[in-house]
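In what follows, chains carry the letters A, B, and so on, assigned in the order in which the sequence lines appear, proteins first and then strands, with residues in each chain numbered from 1. Excluded from the calculations below are hydrogen atoms, water molecules and symmetry mates; all remaining heavy atoms, backbone and side chain alike, are included.
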Protein chains: 2
Amino acid sequence: MVVYENPLDDSFKKPLVAVDMVIFTIKDDALKVILVKRAIPPFKGKWAIPGGFVKINESLEEAAKRELMEEAGVDEVYLEQLYTFGEPKRDPRGRVISVSYFALVNSSGINLKASTDATEAEFFSAYNLPELAFDHEKILKYALQRLKWKMEYTTVAFSLLPEKFTLTELQNAYEIVFHKKFDERNFRKKILALGMIKDTGELRGGLSHRPAKLYAFKKKIGEIFEIL
Amino acid sequence: MVVYENPLDDSFKKPLVAVDMVIFTIKDDALKVILVKRAIPPFKGKWAIPGGFVKINESLEEAAKRELMEEAGVDEVYLEQLYTFGEPKRDPRGRVISVSYFALVNSSGINLKASTDATEAEFFSAYNLPELAFDHEKILKYALQRLKWKMEYTTVAFSLLPEKFTLTELQNAYEIVFHKKFDERNFRKKILALGMIKDTGELRGGLSHRPAKLYAFKKKIGEIFEIL
DNA sequence: ACAAAAGTGTTGAGAGTACACCCATGC
DNA sequence: GCATGGGTGTACTCTCAACACTTTTGT
């Protein structure tokens, strides 16, 4: 019934596969996403999330890490596959399947670079985005939903912070992502009860108020929860 | 720095994209998965999860639904994208990226068919699988984990049952998936408290014991929870 | 009347939420 | 000594888990 096609010779029509990266960070007390301005058509001049084609000999995750390095100059991040978007018409040039990833980065390590096919790279507030190329708005909304979920049920928040941080800084990260305030006492109680951070014994002083204890995450990023 | 390649002409090396389907159902009081025996190399004669290449003009979800129809003859199912596996060496023939889906089906609607590249299709207990081709064991483990998660936090279980069902049948479905017993009273209380099912007024009688009330799900499959 | 599954309520423990004051430092 | 953010405890509510007996039908 189905005509047998040999899909592995190159006469067979294949889609292209790209990785697209939603890179979140906290900067200036807001949740930011990195966007690039497209230097080439289609959507030339429009903002898009950074991405690129997967090379024939690299894994998807390698491609994602390569893009992350090319666009943001970072390698120590939380990285997770988000979803694969494959509508035939999502790219006007032809069939491109996009495997999207989302990354959480501590903003102090970021070094924005415009890559080959972009004129600029910039941070945008995740809650106040410009018009985006392709179906990238959909990807971003999806990523934001997933971020909130992950923050609520896992410990990914630590990836947004430096190695040592105060409980107030941690709480700020949560409040920024969720766009709401939490009760200090309950927040601290809960975080401490989770047993995932330890007191380093150090203090952050030099400010004109009581110095805050510095905490550190007990395990390396990614080892904690493997909820998928 | 990066040489500009035009990825959209066909001289560029592209991976192939396949969809692979983990199809779960409950049959004979066990959680089953549909596997097919491969008729062609590589892994000829080995069991694999059903799947096929994505056609150039169909979306990923369309490809998944097409495979589901070809292999199991069903169309009313819960269907969800699982993960995209893209290790360069996962298929010995060349680069094949697999977008995996998982499906939940009521076994009474299934009509197994061996497709073009398989000699047989069969149900296997999800907790007692044969050796599998490619990286399909990894895909299946991942799917099982996701299934449990979804059953715990959403209402996908209803997709495993007929339209009308008794509370005992629903509880059986949960016990089969989780491989453990639940307390009847607490289970019923919780399900009823969720407010997602309604009493149809009908009874399942004809058995030599007290007849059970038949319930139905209030909403159509897929409309309930959009947790991702 | 008996076998077989359906159906039903209460209690205790733990988690989450709400809420207000003292503490340590720099200036 | 005052301004600034850091740090702490208790009471109430609600959810979850444990637990055993009565009801309805067919034979």
Full working for salt bridge (charged side-chain N to carboxylate O under 4.0 Å, His left out) between B:E202 and B:K213: CA-CA 6 Å; B:E202 295 169 66; B:K213 286 183 185 171; over 6 Å; no
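At whole-Å resolution of the value, CZ in B:F182 and P in C:dG7 are 19 Å apart. One atom, NZ of A:K190, and another, P of C:dG14, lie 18 Å apart when rounded to the nearest Å. A:R188 places its CZ atom 7 Å from the P atom of D:dG6, with the value rounded to the nearest Å. Protein atom CZ of B:F187 is 16 Å distant from nucleotide atom P of D:dA18, rounded to whole Å. We find that CG of B:L192 is positioned 13 Å from C1' of C:dA6, with the value rounded to whole Å. One interatomic measurement links the two molecules: CD1 of A:I191 to P of D:dG6, which rounds to 15 Å at whole-angstrom precision. We find that NZ of A:K181 is positioned 13 Å from C1' of D:dG5, with the value rounded to whole Å. We find that CD of B:E169 is positioned 12 Å from C1' of C:dA5, with the value rounded to whole Å.
Between A:E122 and A:K37 there is no salt bridge, since no side-chain N of the basic residue sits under 4.0 Å from a carboxylate O of the acidic one. Between A:E137 and A:K141 there is a salt bridge, with a side-chain nitrogen of the basic residue lying less than 4.0 Å from a carboxylate oxygen of the acidic one. Between A:E175 and A:K180 no salt bridge is recorded (no basic side-chain N to carboxylate O distance below 4.0 Å).
Nucleotides of DNA chain D nearest to A:K189 and A:R210 differ in position, and the one nearer the 5' end is that of A:R210.
Checking D:dG7, D:dT25, C:dC19 against the side-chain heavy atoms of B:H209 singles out D:dT25 as nearest. Counting only heavy atoms from C-beta on, A:P211 has its side chain closest to C:dT25 among C:dA20, C:dT25, D:dA17. For A:N186, whose side chain is taken as the heavy atoms from C-beta onward, the closest listed nucleotide among C:dT17, D:dA17, C:dA20 is C:dT17. Closest to the A:R185 side chain, of the nucleotides C:dA6, D:dG6, D:dT8, is D:dT8. Proximity note for B:E184 (side chain, C-beta onward) versus C:dG9, C:dA4, D:dA20: the nearest is D:dA20.
Proximity of B:S208 to the phosphate of D:dT25: no side-chain N or O atom is located under 4.0 Å from OP1 or OP2.
In this structure, B:T166 reaches neither bases nor backbone, as no heavy-atom distance under 4.0 Å exists between it and the strands shown. Counting non-hydrogen atoms under 4.0 angstrom, B:L207 reaches the backbone sugars and phosphates but no base.
For A:S59, the side-chain contact (heavy atoms from CB on, under 4.5 Å) criterion is met by A:E61, A:E62, B:E87, B:P88, not counting sequence neighbours.
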